[in-house]
Protein chains: 2
Amino acid sequence: MTTLNRRIRDYLEEKILSGAWPPGHRIPFEHELMARFDCSRMTVNKAIAALVEAGLVVRRRRGGSFVAEPRVHAPVLAVPDIRAEVEARGRRYGLKLLARQRRAADPRSEGEAQLARGGDLIAIDCLHLADDRPFALEERLIGLVAVPDAADADFAKVPPGTWLLDAVAWTEAEHRIAAVNADSRQAALLDIPLHTACLSIERRTWRGEMDVTHVRQIYPGSDYDLVARFTPKS
Amino acid sequence: MTTLNRRIRDYLEEKILSGAWPPGHRIPFEHELMARFDCSRMTVNKAIAALVEAGLVVRRRRGGSFVAEPRVHAPVLAVPDIRAEVEARGRRYGLKLLARQRRAADPRSEGEAQLARGGDLIAIDCLHLADDRPFALEERLIGLVAVPDAADADFAKVPPGTWLLDAVAWTEAEHRIAAVNADSRQAALLDIPLHTACLSIERRTWRGEMDVTHVRQIYPGSDYDLVARFTPKS
DNA sequence: TAGTGGTCTAGACCACGGT
DNA sequence: CCGTGGTCTAGACCACTAA
């Protein structure tokens, strides 16, 4: 048994996340929702207040309540699952595998040697799409000694990050976050102007002492930001 | 004029954050708070619901409401102290105060009003230098209600972030990290080419429910990156 | 100035879970 | 069992602001 205020909230949320009500669209007045759901104003108010708290709705006295401009950001504390992030925003996720290769580590790269541990690497280039538009570019290396199953995974269907989150229990990760100007290849693939500021997120993930994967993701700066919320060192 | 439910919430929050009521302590029943604040149960309920949402309180039917066990947060990103960072790299730190102003909050800005809490703000623009070269640009607002001492601090000598870390025991912070192309003012102040990709770090810092400071820092992308190292959700 | 949301009241019935 | 919180009602007054 879901509560009534929850059903009202779900109703509104579906309209917003599905895109049926775009940003700036006025949502029904409280008295209209009272009539539609045959309930008191307090109940409607509680439902909308939760959406305001979630950042989906903004309210103005006399003006009404409106679908908020989307805040696009993700917690930096978590290892991001891009597919889940895109879908959480009500957009359709898509994946385009640009290249996939099994190869030996480049001996000149200390990082690759450490990841390979004497075995081969899987190298993946892919493009993440949201509503069929480029969302992020990803270059990834996976160590086959640490993750032998990666040799058989179909990364044209499941994004490598999502697959790895399921397949590997990681114990530690390190992010390096920087701003870069898009080069010509990145600009073309992401369909943005040359030199647009982009977030570059490099991540190394370990399981115990063993390197699991290195990844670099490029996000257009206008579409994406990272949010980290935390408390003082304990 | 603060609302009644807000005063009830502040009363409970003070007891919890001050440690007067330790984790596991039973907070007053709703009917007791109704009597103490001479209000209806809905109002008490709204106040406690906000504390549940904030993770400070857990509620059990028949048992009552209790101060929550503190959430385990892995220390992730530290609140950066730019002076310490520069000096840790063996470079000489310098500070250039560009503007400092005491003013009222802009009523059109929800964020400023929340920070001001009815009082004035200190607005600071400054430039951080490393070896006499520009390192980062900072725009900061400090709420004088939360931090009255900021009215007398000498931010031409001590960087505001460093001063605040000493002066205020913060309880929560949120970072928003994005990539931006430098505009003409930023490029001139930082002595970089126009449109260089920069990291924009916006941070809001709280002490309990009280906003302490908002700050936006701009770092040239080539000079700086952020590193976050952590373990899985705890 | 009229209509919106912001807040609050004084009740109500119910579900859950210690005693 | 019975007291707690969970949810809801049908009003109310007020502040703000867009028309």
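Note that the structure is predicted; figures quoted are calculated from it, not measured. Below, read A as the first sequence line, B as the second, and so on, with proteins coming before strands; counting in each chain starts at 1.
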Base of D:dG6 paired with side chain of A:Arg6 (donor-acceptor, under 3.5 Å):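 Donor-acceptor pair under 3.5 Å: no.
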Donor/acceptor link under 3.5 angstrom from A:Arg62 side chain onto base of C:dA2: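 Looking at the base of C:dA2, it does pair with a donor or acceptor on the side chain of A:Arg62 (distance under 3.5 Å).
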Distance check: side-chain N/O of [X] vs OP1/OP2 of [N], anything under 4.0 Å?
X	N	result
B:Arg59	D:dG6	yes
A:Thr43	D:dT9	yes
A:Ser65	C:dG5	yes
A:Asn5	D:dT7	no

Of B:Pro28 and A:Ser40, the one whose closest DNA chain D nucleotide lies more 5':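 The answer here is B:Pro28.
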Expressed in angstrom and rounded to an integer, what is the separation of [X] atom [atom1] from [N] atom [atom2]?
X	N	atom1	atom2	result
A:His31	D:dG11	NE2	C1'	17 Å
B:Asp38	C:dT9	CG	C1'	11 Å
B:Arg41	C:dC13	CZ	P	13 Å
B:Arg61	D:dC1	CZ	P	19 Å
B:Asn45	C:dT7	CG	C1'	14 Å
B:Glu53	D:dG6	CD	C1'	15 Å
B:Phe29	D:dG3	CZ	P	11 Å
A:Leu4	C:dC13	CG	P	18 Å

Partner of B:His128 by side chain to side chain donor-acceptor pair (under 3.5 Å), out of B:Lys96, B:Arg83, B:Glu138, B:Gln217: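 That would be B:Glu138; it is the only one of B:Lys96, B:Arg83, B:Glu138, B:Gln217 passing the side chain to side chain donor-acceptor pair (under 3.5 Å) with B:His128.
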Main-chain N/O of A:Arg133 paired to A:Asp131 side chain as donor or acceptor, under 3.5 Å: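 Such a contact is absent between A:Asp131 side chain and A:Arg133 backbone.
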Test: A:Arg60 cationic atom under 6.0 Å from A:Phe66 six-membered ring centre, within 45° of axis: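 Yes - A:Arg60 lies over the ring of A:Phe66, closer than 6.0 Å to its centre and within 45° of its axis.
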Donor-acceptor pair between A:Glu13 and A:Tyr11 side chains, under 3.5 angstrom: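 Result is no, nothing qualifies.
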Earlier contact from the 5' end, DNA chain C, for B:Met42 and B:Arg60: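 Taking each residue's closest nucleotide, the earlier one in sequence belongs to B:Met42.
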More than 12 heavy atoms from other groups under 6.0 Å of CZ on B:Arg26: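 Yes, the 6.0 Å shell around CZ holds more than 12 heavy atoms from other groups.
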Touch class at under 4.0 angstrom, heavy-atom based, for A:Ile48 against every strand present: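 Nothing, no heavy atom under 4.0 Å.
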Touch class at under 4.0 angstrom, heavy-atom based, for A:Gly64 against every strand present: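 Sugar-phosphate contact only.
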